2 protein chains.
Amino acid sequence: MYFRNPIPNSLPRERLLDAAERAVLETGAGHLTLDAVAKFAGVSKGGLLHHFPSKDALLEAMLERYLKDIETQVAERCAGRGGTLTAIEQFRERVRVLLEQHPERRAAGAALIAASADKPDLMAHCRAEYREVLDELAALPGGFERSALVLLAVDGLLLGELLRLSPYTPEERSRLVKALLKAVDQCGRIQ
Amino acid sequence: MYFRNPIPNSLPRERLLDAAERAVLETGAGHLTLDAVAKFAGVSKGGLLHHFPSKDALLEAMLERYLKDIETQVAERCAGRGGTLTAIEQFRERVRVLLEQHPERRAAGAALIAASADKPDLMAHCRAEYREVLDELAALPGGFERSALVLLAVDGLLLGELLRLSPYTPEERSRLVKALLKAVDQCGRIQ
DNA sequence: GTCACCAGACCGTCCGGTCGGTACAGTCGC
DNA sequence: GCGACTGTACCGACCGGACGGTCTGGTGAC
């Protein structure tokens with residue numbers, strides 16, 4: 001199970017990051033302003049800048065929290081299943097973390113589009129983490145292509161939703177998630 | 001083959017749209033400003049605003065050109081192959097248009113992230129077009145999930161590149177495109 | 001002339017960031 | 001206990017620059 005304070009976050013820094021994610025999703029990544037974040041968080045701009053000395057610092061913190069959060073959740077879920085998991089099983093948990101996010105945390109990916117829009121250089125960090133995951137998956141029996149395609153489809157769903165491009169109904173979405181998890185298992189088969 | 005003036009576009013409107021795409025890719029979707037576009041196009045702000053009365057108009061035109069361009073290219077390629085193509089063959093051409101874009105037109109997708117960042121409501125148009133494509137694909141023998149997953153993977157690759165999230169080398173990328181085209185053919189098989 | 005096309009000065013607003021100040025909780029000497 | 005002092009959290013007025021958009025004027029084609 002996942003917690004990290006589903007209901008209004010008590011830690012001020014976390015509350016501010018939540019507010020920033022909301023601001024991005026509700027007004028668009030191009031309208032992420034300090035005033036907007038402060039207003040969403042119910043705090044003054046001074047208060048916001050007390051915790052994050054600059055907008056860049058805010059963006060970095062958003063991205064860092066997003067990435068760390070995913071790894072933490074994947075690790076937790078793997079630990080929760082006990083024993084040592086195969087690479088496929090770990091992949092499966094990662095996909096589930098990415099796509100079956102708790103509703104309260106659905107906004108987390110906003111960090112991606114905010115950083116990309118405002119300070120694209122920050123994305124280097126993300127690419128590097130992506131690369132690591134990819135290299136692990138390439139070692140699966142199914143080979144590089146098959147795993148990468150599953151990962152790409154996960155990205156497509158996630159990014160499509162963030163950019164408001166995705167036209168899928170919730171029912172269709174859950175069918176797709178199910179199909180993706182099945183595709184993950186296929187990565188375990190020898191090509 | 002694809003043309004639409006590979007070398008510096010002669011039509012002023014098109015040149016300005018090209019410049020806007022470049023501005024987005026080089027500085028990030030959040031830094032798409034009229035001044036930047038004008039500078040990239042080698043024109044004054046007045047000149048830019050003569051062709052696009054407002055920033056919103058520019059964004060709309062970018063998006064419209066992007067969408068229309070894809071449909072035009074798909075239609076051209078289908079026509080080029082002569083006879084009536086099956087749904088699978090058309091799907092195949094669409095994937096190739098989306099992923100094997102002429103280098104000069106690689107920037108076209110910038111319209112997506114620019115609109116999403118600056119005026120998310122414009123994305124409704126894109127969602128609707130996406131929906132249409134999706135409904136056609138759902139009728140394929142492979143069923144909804146299989147086609148949608150391929151489309152999602154295409155999105156993942158495309159959007160990942162636009163957001164600078166994609167860590168794939170050119171060599172890996174072409175392997176992925178090949179694998180995707182094979183996956184398209186799988187959509188023709190009965191489930 | 002006039003009309004499309006363009007230049008660039010200009011204006012009001014917005015945005016990131018600074019700064020001086022307030023509130024309050026601790027804590028240390030006495 | 002009590003006053004002096006320190007550190008943390010926060011407020012909000014303010015500044016300079018950037019940005020979207022207006023306006024005036026110019027230039028070349030016809």
Side-chain angles (χ1 to χ4, degrees), chain A residues 5 8-63 65 110-111 113-122, chain B residues 5 8-64 110-111 113-122:
Chain A
N5 289 4
N9 213 314
S10 52
L11 295 88
R13 258 181 74 99
E14 301 292 312
R15 258 197 17 237
L16 291 169
L17 292 175
D18 291 344
E21 290 169 0
R22 276 185 54 206
V24 169
L25 291 194
E26 293 189 20
T27 61
H31 300 292
L32 177 67
T33 67
L34 296 181
D35 290 286
V37 175
K39 192 177 281 184
F40 270 103
V43 96
S44 74
K45 191 153 74 168
L48 167 60
L49 283 163
H50 173 72
H51 292 279
F52 301 98
S54 70
K55 191 180 177 183
D56 284 358
L58 175 64
L59 282 167
E60 271 182 66
M62 289 175 74
L63 212 48
R65 183 175 81 160
I113 57 174
S116 174
D118 217 289
K119 236 204 158 191
D121 290 346
L122 289 179
Chain B
N5 290 3
N9 211 314
S10 53
L11 295 88
R13 259 181 73 100
E14 302 291 312
R15 257 196 17 239
L16 292 169
L17 292 175
D18 292 344
E21 290 168 359
R22 275 185 54 207
V24 169
L25 291 195
E26 292 188 20
T27 62
H31 299 291
L32 177 67
T33 67
L34 296 180
D35 290 287
V37 175
K39 192 177 279 184
F40 270 103
V43 96
S44 73
K45 193 153 72 164
L48 168 59
L49 282 162
H50 173 73
H51 292 280
F52 302 98
S54 71
K55 191 180 179 184
D56 283 359
L58 175 65
L59 282 168
E60 271 182 65
M62 289 174 73
L63 213 48
E64 195 182 344
I113 57 174
S116 174
D118 217 289
K119 236 205 158 189
D121 290 346
L122 289 180

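None of the values given here were measured: they were computed from a predicted structure.
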Problem set entry | CD-CG distance between B:E60 and B:L122, expressed to the nearest 0.5 angstrom |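 Here the interatomic distance stands at 5.5 Å.
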
Exercise. Taking the nucleotide of DNA chain C with the closest heavy atom to each, which residue, B:G42 or A:L34, is nearer the 5' end?
Worked result: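 Its nucleotide being nearer the 5' end, the pick is B:G42.
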
State which of [options] makes the closest approach to the side chain of [X].
X: A:T33; options: C:dC15, D:dC10, C:dG17; answer: C:dC15
X: B:H50; options: C:dA7, C:dC5, C:dG16; answer: C:dC5
X: B:D35; options: D:dC11, D:dC19, C:dG17; answer: D:dC19

Distance in angstrom units between [X] [atom1] and [N] [atom2], rounded:
X: B:F52; N: D:dT22; atom1: CZ; atom2: C1'; value: 19 Å
X: B:L48; N: C:dA7; atom1: CG; atom2: C1'; value: 13 Å
X: A:L16; N: D:dA9; atom1: CG; atom2: C1'; value: 12 Å
X: A:L32; N: C:dC14; atom1: CG; atom2: C1'; value: 14 Å
X: A:R13; N: D:dA9; atom1: CZ; atom2: C1'; value: 14 Å
X: B:R15; N: C:dC6; atom1: CZ; atom2: C1'; value: 11 Å
X: B:H51; N: D:dG21; atom1: NE2; atom2: C1'; value: 17 Å
X: A:K45; N: C:dG16; atom1: NZ; atom2: P; value: 7 Å

For this session: Remember a base hit wins even if backbone is also touched, and classify A:L58 as base, sugar-phosphate or nothing at under 4.0 Å, heavy atoms.
Result: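 If one applies the 4.0 Å heavy-atom cut-off, A:L58 turns out to touch nothing in the nucleic acid.
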
Exercise. Base, sugar-phosphate alone, or nothing: which one does B:L49 contact when heavy atoms must sit under 4.0 Å apart?
Worked result: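 Touches a base.
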
Exercise. Do other residues, nucleotides or ligands put more than 12 heavy atoms under 6.0 Å from the CD atom of B:E64?
Worked result: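 No, the 6.0 Å shell around CD holds no more than 12 heavy atoms from other groups.
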
Problem set entry | Distance-only donor-acceptor test (3.5 Å): side chain B:K55, base D:dG21 |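 No, no donor-acceptor pair under 3.5 Å.
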
Exercise. Is the backbone N or O of B:K55 less than 3.5 Å from a side-chain atom of B:K119, with the two atoms forming a donor-acceptor pair by type?
Worked result: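 No; zero donor-acceptor contacts below 3.5 Å.
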
Exercise. Between the side chain of A:H51 and the main-chain N/O of A:P12, is any donor-acceptor distance below 3.5 Å?
Worked result: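 No, the answer is negative, given that no donor and acceptor are paired below the 3.5 Å cut-off.
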
Exercise. So do the side chains of A:L32 and A:T27 get within less than 4.5 Å of each other, counting heavy atoms only?
Worked result: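 No, their side chains stay 4.5 Å or more apart.
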
